[in-house]
Amino acid sequence: VRRLLFMGTGRVEWEEVPDLALDGDGEALVRPVAATTCDLDVALLHGRVDLGATGYPFGHECVAEVLEVGPAVRSVVPGDVVALPFQISCGACQACREGRTGNCTSLRGLPMFGFGPIGGDWGGVFADLVRVPFADAMLVKVPAGVRPEAVASIADNLPDAHRTVAPHLTARPGAPVLVVAGGAESIALYAVAIALALGSERVDYVDHDPDRLTLAAALGAGPIERGDRLGRYPITVDASAAPEGLRTALLATAPDGVCTSVGIYYGDTTPVPLRDMYFRGVTFHTGRVHARSGIPEVLSLVASGRLRPELVTSRVVAWDDAAEALADPPLKLVLARPAVA
Ligand SMILES: [Zn+2]
Ligand SMILES: [Zn+2]
């Protein structure tokens, strides 16, 4: 079987490896049928981010076909098409039972697919085979009628966007939303689409990139060029991954509003306007998504026809063309191949 390795800026390589086998009664072997780049993968491939490692199995966002399950697996059978969250979670520990699946305590560290040493030895999903532990807890069936390519980002970026707006729109139905974009490119656009699907009366989108501003407007957002004056919004999203974008989002958060930041600030001295936030009572949330928890709601939004993530997809390429396409990836590249069953 083959898998792709991340070799550095603009470089991925196929590697031939022996077949995988089940290693426990509760495991599954799956074959990715639609995979995509996370916004962080694109930043790595373009050299904007350096995690300090190369030569590791790459890719952590996919929809897969189940090939084989252990005798204890109850929820899926071979032939099922499933969402595979990028974080490993057991479903049974207290964190998992509370929906905090990104902080599952059954394994050490931050177990994830496709991150090399940071995520442990789980392999990547740009591969012919992936071994999935805790299959009953991890895997979520993709509803009939939902095309795998449309939800290739269900493993990470879609639930990441969902958590920035969904709980806050439940608390304040219809509230206006501001998305400050620029860094986490697809998450920002998914946040626009999800907020509108969940009934936000107005979503504004700030960016400096004309193509993304056009795409955001096509999704239904009010496009705002970075630097324009902003009003105040009860719900704001910082997907800029840039200190000035973070500041923009925080200063545009209305009294008692909530701002969620999905960008990773690698420096340890990113300024935060705390005085201003204090006098307006701003709630600020940063942290990793709990991917598994958000997946069912996103899938049902797509199944209902209210959310169309494929509108954010830049290009779909055949699996065999993945290495060339990943050398200089567009905003959202989807790798696709037919299921076996
Ligand atoms: Zn990711
Ligand atoms: Zn757990």
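Numbering of ligands and ligand atoms starts at 1, following listing order.
Of the possible donor and acceptor atoms, none in the side chain of Arg308 sits under 3.5 Å from a partner among the backbone N and O of Ala150.
For Gln94, the side-chain contact (heavy atoms from CB on, under 4.5 Å) partners are Arg97, Glu98, not counting sequence neighbours. Residues passing the side-chain hydrogen bond (donor to acceptor under 3.5 Å, both in side chains) test with Arg292, sequence neighbours excluded: none.
With the Zn ion (ligand 2) at the apex, Cys93 SG and Cys104 SG define an angle of roughly 110° (rounded to 10 degrees).
Applying the 6.0 Å contact sphere to CZ of Arg247 captures no more than 12 heavy atoms from other residues, nucleotides or ligands.
Residue pairs that meet the side chain to side chain donor-acceptor pair (under 3.5 Å) test with at least one member in residues 191-206, sequence neighbours left out, are Arg202-Asp204, Asp204-Tyr233, Tyr205-Asp207.
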Salt bridge (Lys or Arg N to Asp or Glu O under 4.0 Å) between Asp39 and Arg48: does it pass, once the steps are laid out?
-> CA-CA 11 Å; Asp39 291 336; Arg48 295 197 307 273; over 6 Å; no
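Below the 2.8 Å limit, the Zn ion (ligand 1) has as protein N, O or S neighbours Cys38 SG, His60 NE2, Asp156 OD2.
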